[in-house]
Each structure stands twice: as structure tokens, then as C-alpha cells.
Amino acid sequence: MTEPREERTTAAVRPYVITRGRAGSSRDDLPWETLVMASGSAPPPELQPEYRRIVDFCQGLLSVAEVAAHLGQPPAVVQVLLADLIDWGHLVARPPVRVVERADRDLLRKVLDGLESKL
């Protein structure tokens, strides 16, 4: 009796293939909460399918983490692909909104109070 053959999967190889072996990107400023959106330029037809899918997903604002979830790939892999698309002009990125600090809240409160006094 022979043992059943173990089925090999390419799941461990796939991210390496998708990024062409790159572990990092040209941009260090793509945290998971960075918002990306298609720039409106038509990507060339020779782009690999993952790039085309990203551009299709990003017709509205999506975070890096959301794009990764749509693709079913780790965020680190998607960051490499997104950086390529941004460098090529097919996507634009908006940095994450920073947390409002206490001084900013005080200033906003003063502005709001000033506006309310004018009404």
C-alpha cells in the first residue's frame, strides 16, 4: 500500500513570485492605514494581474490593509506592489491622518467658540 502523495501548494512561493523576490519597497511611508486611490491613468495591458486588480479595487480610497485583504496577500507584499504603482503614476497615496494632540484640540475649541459667538 502506498501512502497518499502530499499535495504541494505554491502559497509559500506566490508572494515571492508576485514581488519578484523583493521584500521591501521604494517607499517606507506606506503604513497599513495609508489610503491609496487610482490616479485615473490607464495601466498598460502588460501589467501582471495583481497590479491590475489593485488598480481596479482602488477606484475609491482604500487602506493598504484593505487592499491586502482584497488580494488575499500579506500587507508587506501589497506594500511592494502599491509602491510600484505609485512610482509608475497609477495610484496616489494619502498619508494616514495623525492623531490630534491636546494643543490642537484646544485650538479647535477656541475656533469653535469664536464661531459660535459670531452667530
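Looking at heavy atoms from C-beta onward, L85 lies in side-chain contact with L47 at the 4.5 angstrom threshold. By the 4.5 Å heavy-atom criterion applied to side chains, R94 and L61 are counted as neighbours. Taking 4.5 Å as the limit, some side-chain heavy atom of Q79 sits within range of a side-chain heavy atom of W32. In this structure, E50 and V77 have side chains that are not in contact, with every pair of non-hydrogen atoms separated by 4.5 Å or more.
For the atom pair L81 CG and Q73 CD, the distance stands at 8.0 Å (nearest 0.5 Å). Note that CG of L91 and CG of L35 are 12.0 Å apart. Values are rounded to the nearest 0.5 Å. With rounding to the nearest 0.5 Å, the separation of CD in E66 from NE2 in H70 is 6.0 Å. The line from NZ of K110 to CG of L115 is 14.5 Å long, rounded to the nearest 0.5 Å. Note that CG of D56 is 15.0 Å distant from OH of Y51, once rounded to the nearest 0.5 Å.
Minimum heavy-atom separation, P74 to A68: C-CB, 4.3 Å. Taking all atoms of both residues into account, the shortest heavy-atom contact from C58 to V67 is SG-CG2, 3.8 Å. When every heavy atom of M37 is checked against every heavy atom of Q59, the shortest pair comes out as CG-O, 4.1 Å.
One hydrophobic cluster holds both V64 and L71 under the rule that ILVMFWY side chains link at heavy-atom gaps under 4.5 Å. Under the 4.5 Å side-chain heavy-atom criterion for grouping Ile, Leu, Val, Met, Phe, Trp and Tyr, F57 is connected to L82 within one hydrophobic cluster.
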Walk me through it: do H90 and S39 pass the test side chain to side chain donor-acceptor pair (under 3.5 Å)? CA-CA 5 Å; H90 300 302; S39 66; 5.2 Å; no

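For the side chain to side chain contact (heavy atoms under 4.5 Å, CB included) test, residues two or more places apart in sequence or in another chain that qualify with E46 are P44. With sequence neighbours excluded, no residue forms a side-chain hydrogen bond (donor to acceptor under 3.5 Å, both in side chains) with E33.
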